[in-house]
> 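Have a look at this one.
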Amino acid sequence: MHNDTLLSVRGLTKKYGPVTVLDNVDTDFRKGEVHALIGENGAGKSTLCKIIAGAIMPSSGTIWVNGVSYENFVPGTARALGISMVYQEFNLIPEMTVFENLFVGKEMRKGVFVDTKAMIRRSEEIFNDIGVSIDPSARIKSLSVAYCQLVEIAKALLDDSKLLILDEPTATLTNTEVEILFRVLGKLKSDSISLVYISHRLEEVFRLCDEITVLRDGAFIKTMKTAETDIESLIRLMIGRELSQEFPVRTPSAPTKTVPSVLKVEGLCNKKIKNISFELKKGEMLGIAGLVGSGRSEIVRAIFGADKVEKGAIYLNGKKTVIKNPWNAIKNGIALIPEDRKREGLMLILPIALNISIIKIKDLCRSLFISPSKERELLKKSVNLLSINAASLGNPAWSLSGGNQQKIVLAKWLATNSDIFIFDEPTRGIDVGAKKEIYDFLFKLKSEGKSIIVISSEMQEILGLSDRILVMHEGMIKGELNYAEATQERILTLASGLA
């Protein structure tokens, strides 16, 4: 250990029955440094951090803080030592105000009465310190995701945090919000607060972090200075092999007029979208790009029957079709893999097996009961097709890594044998290895003649996947680009309403 080491872990191991999720990990975190933890989903990053935050008890190993060793590390111990963690799912109460969330359980008092004015004043001081403007009296439900995150950081600073752990903090943020967060993190670093930064976005790691630790399959692989490595080297360390080209090489070509349309939308309107018209060809991968809030997701939700359509028409294979709800869409061969897999794509507390088979439950039934043999056949096919990695299909869906959770959502919809697949942010929050698997699978679907719509905030993803790209701005389609002419600059110009 160096003299400037704030926290060290030695031999940290975590087992759940026969499954080892963290295996004898050693690493150090220095004072006033931003330290990245990277690795594929299931590598053990979040488990390691939850142990450091006291949320999970390790099976074995020791944590050292300022040279003192601890074996029974609980949340109270972590907080007392100045260790805080901002989780992907925020620990905030939406109906309460910002200052009430900051001080819940530790209210400031004047005698026996709660001192509201003092708490508001202290909240303002914290926000001023980190250089952001948030109204302490605003309700949490009125804030954007980025500002909720800043409230979580303020909560940690109220506890006089010396080490702050951030788990995928930019996964759902816009570019502007990322800049706000990075400015705040830079301020914390200048105040000698140590940061542990978990992210799949390697470009952010190189921009923000001083050191990088790579985990793979629960084991420590390497710690290095950011300045002494590059993205290609990190990917090799993360996945243990060379990653072949992410997107297949294709001959630039737009769908010809002779290719039939499987989906045609004319003048679709509701409160979020205006006069949307486009066609989706058979065997085509159509991208929808645009800034967050531009109406990308609202288009596909309207088509899928999840949002009400006020005006317009939908044609499937040339026939006008009324889709009143998602069941209508499913019966008409449309599948939607939603942006928020945890809230809209999965039943996290239920078994993996049921998450896969739920949509096909009627077809699996014999009389009033599910046929075990039919269900086993469906599950076996899904697991083999998507290389789902699960200790048991009887385990709850929350026990899986992000990449495997996404595969479960895919498996559920593949069981419907739909003709049109809509993917809203298909690789959000999953690692580079799992991304490559998802991309390969999308192109496999396309090669089988399936038609695909992809929405993505990642520019390289939308450019690498799409035959054509529709660009959205303020609820309207501002332009259409084919594969040959699409560039990042042209997409951003249209998405910003500048063309």
> Show, in sequence, the C-alpha distance, side-chain angles and deciding distance for R109 and D115, and conclude whether the salt bridge (charged side-chain N to carboxylate O under 4.0 Å, His left out) test is met.
CA-CA 5 Å; R109 294 183 178 273; D115 193 343; over 6 Å; no

> Please check: side-chain N/O of D167 versus main-chain N/O of Y87, any donor-acceptor pairing under 3.5 Å?
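Looks like no, no N/O pair under 3.5 Å.
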
> Checking the side chain of E152 only, and the main-chain atoms of N91 only, is there a donor and an acceptor separated by less than 3.5 Å?
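Judged by distance alone, yes, a pair lies under 3.5 Å.
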
> Checking the side chain of R216 only, and the main-chain atoms of I221 only, is there a donor and an acceptor separated by less than 3.5 Å?
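Not at all, since once roles are kept as given, no pair shorter than 3.5 Å links the two residues.
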
> More than 12 foreign heavy atoms under 6.0 Å from NZ of K117: is that the case here?
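Open: at most 12 neighbouring heavy atoms sit under 6.0 Å from NZ of K117.
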
> side-chain contact (heavy atoms from CB on, under 4.5 Å) between V114 and F103: does it pass, once the steps are laid out?
CA-CA 11 Å; V114 172; F103 286 93; over 6 Å; no

> Do D28 and R10 sit within salt-bridge range, that is, some charged N less than 4.0 Å from a carboxylate O?
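The answer is yes: the pair qualifies as a salt bridge.
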
> Can you confirm whether T170 sits close enough to F182 that some side-chain heavy atom of one is under 4.5 Å from a side-chain heavy atom of the other?
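Yes, at least one pair of side-chain atoms sits under 4.5 Å.
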
> Got a second to check how far M285's CE is from K450's NZ, nearest 0.5 Å?
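Reported value, rounded in 0.5 Å steps: 13.5 Å.
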
> Take R139 and E95 through the salt bridge (charged side-chain N to carboxylate O under 4.0 Å, His left out) test and state the conclusion after the steps.
CA-CA 6 Å; R139 295 195 184 278; E95 295 298 330; 5.3 Å; no

> One thing to verify: whether E425 and R296 come together as a salt bridge, which I'm taking to mean a side-chain N less than 4.0 angstrom from a carboxylate O.
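A salt bridge is present here (some side-chain N lies under 4.0 Å from a carboxylate O).
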
> Tell me the closest heavy-atom pair linking I130 and V184, and the distance in Å.
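I130 and V184 have their closest heavy atoms at O-CG2, 3.6 Å.
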
> To the nearest 0.5 angstrom, please state how far the OG1 atom of T13 sits from the CG atom of L22.
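Nearest 0.5 Å value for the OG1-CG distance: 6.5 Å.
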
> Treating S456 as the side-chain partner and I462 as the backbone partner, does any N or O pair qualify as donor plus acceptor under 3.5 Å?
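It does not hold such a pair.
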
> Under the side-chain hydrogen bond (donor to acceptor under 3.5 Å, both in side chains) rule, what do D424 and S297 come out as? Steps first, then yes or no, please.
CA-CA 7 Å; D424 195 351; S297 298; 2.7 Å; yes

> Check whether any side-chain N or O of T229 sits under 3.5 Å from a backbone N or O of T226 as a donor-acceptor pair, and report yes or no.
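No, T229 side chain to T226 backbone: no donor-acceptor pair under 3.5 Å.
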
> With a 4.5 Å heavy-atom cut-off, do I38 and M238 have their side chains touching?
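In contact.
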
> Minimum heavy-atom separation for A138 and S142, please, with both atom names.
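That closest heavy-atom pairing would be CB-OG, 4.0 Å.
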
> Quick check: does any side chain N or O of D191 sit under 3.5 Å from a backbone N or O of I193, one acting as donor and the other as acceptor?
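No; zero donor-acceptor contacts below 3.5 Å.
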
> Would R122 and E125 pass as an ion pair if we require N to O under 4.0 Å?
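Salt bridge present between R122 and E125.
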
> Rounded to the nearest 0.5 Å, how far apart are CZ of F443 and CD1 of I452?
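Those atoms lie 8.0 Å apart.
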
> So do the side chains of L346 and Q405 get within less than 4.5 Å of each other, counting heavy atoms only?
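Result yes, sub-4.5 Å side-chain heavy-atom pair found.
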
> Kindly indicate whether the side chain of L400, heavy atoms from C-beta on, has any atom under 4.5 Å from the side chain of N395.
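No, their side chains stay 4.5 Å or more apart.
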
> Which heavy atom of I120 sits nearest a heavy atom of P136, and at what distance?
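Smallest interatomic distance, heavy atoms only, reads O-CG, 4.0 Å.
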
> Is there a donor-acceptor pair closer than 3.5 Å between any side-chain N or O of K14 and the backbone N or O of M57?
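A pair under 3.5 Å: yes.
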
> Checking R207 side chain against L202 main chain: does a donor-acceptor pair fall under 3.5 Å?
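Checked: no pair found.
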
> Below 4.0 angstrom, N of the basic side chain to O of the carboxylate: do E228 and K222 qualify?
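Salt bridge: no.
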
> Starting at SG of C148, measure out to CD1 of I153 and round the result to the nearest 0.5 Å.
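One finds 11.5 Å between SG of C148 and CD1 of I153.
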
> side-chain contact (heavy atoms from CB on, under 4.5 Å) between Q488 and Q460: does it pass, once the steps are laid out?
CA-CA 8 Å; Q488 182 168 331; Q460 291 307 309; 3.8 Å; yes

> Check whether any side-chain heavy atom of E204 lies under 4.5 Å from a side-chain heavy atom of V178, and answer yes or no.
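Counting from C-beta outward, E204 and V178 do come under 4.5 Å.
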
> Could you walk me through whether H35 and I212 pass the side-chain contact (heavy atoms from CB on, under 4.5 Å) test, one step at a time?
CA-CA 6 Å; H35 192 126; I212 303 169; over 6 Å; no

> F29 and I52: side-chain contact (heavy atoms from CB on, under 4.5 Å), yes or no, with the steps?
CA-CA 11 Å; F29 302 97; I52 293 171; 3.8 Å; yes

> Which atoms form the tightest heavy-atom contact between K31 and S194, and what is the distance?
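Minimum heavy-atom contact is CA-OG, 3.2 Å.
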
> What's the spacing between S133 OG and F127 CZ if we round to 0.5 Å?
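Rounded to the nearest 0.5 Å, the OG-CZ separation comes out at 9.5 Å.
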
> Does any part of the side chain of T427, heavy atoms only, come nearer than 4.5 Å to the side chain of Y439, both counted from C-beta?
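Side chain of Y439 against side chain of T427, heavy atoms only: contact under 4.5 Å found.
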
> Grab the two heavy atoms, one from I330 and one from F304, that are nearest each other, plus how far apart they are.
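I330 and F304 have their closest heavy atoms at CG1-CZ, 4.2 Å.
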
> Drop me the distance from C49's SG to M85's CE, to the nearest 0.5 angstrom.
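The SG atom of C49 sits 5.0 Å away from the CE atom of M85.
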
> With L48, which of I198, V9, T213 fulfils side chain to side chain contact (heavy atoms under 4.5 Å, CB included)?
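Passing option: V9.
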
> So, S84 side chain and L164 main chain: donor-acceptor pair closer than 3.5 Å or not?
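Not confirmed, S84 side chain does not pair with L164 backbone.
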
> State, yes or no, whether a side-chain contact exists between F73 and L81 at a heavy-atom distance under 4.5 Å.
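Counting from C-beta outward, F73 and L81 do come under 4.5 Å.
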
> If only atom types and distance count, is the side chain of E211 paired as donor or acceptor with the main-chain N or O of C209 below 3.5 Å?
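No; zero donor-acceptor contacts below 3.5 Å.
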
> Between K155 and L102, which heavy-atom pair has the shortest distance, and what is it?
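Closest approach of K155 to L102, heavy atoms only: CG-CD2, 3.4 Å.
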
> Any heavy-atom pair between the side chains of L234 and F206 that's under 4.5 Å?
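Heavy-atom side-chain distance check passes, below 4.5 Å.
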
> Under a 4.0 Å threshold between the charged nitrogen and the carboxylate oxygen, would K189 count as salt-bridged to E33?
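Salt bridge flag = no for K189 with E33.
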
> Decide, yes or no, whether a salt bridge links K15 with D23 under the criterion of side-chain N to carboxylate O below 4.0 Å.
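A salt bridge is absent here (no side-chain N lies under 4.0 Å from a carboxylate O).
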
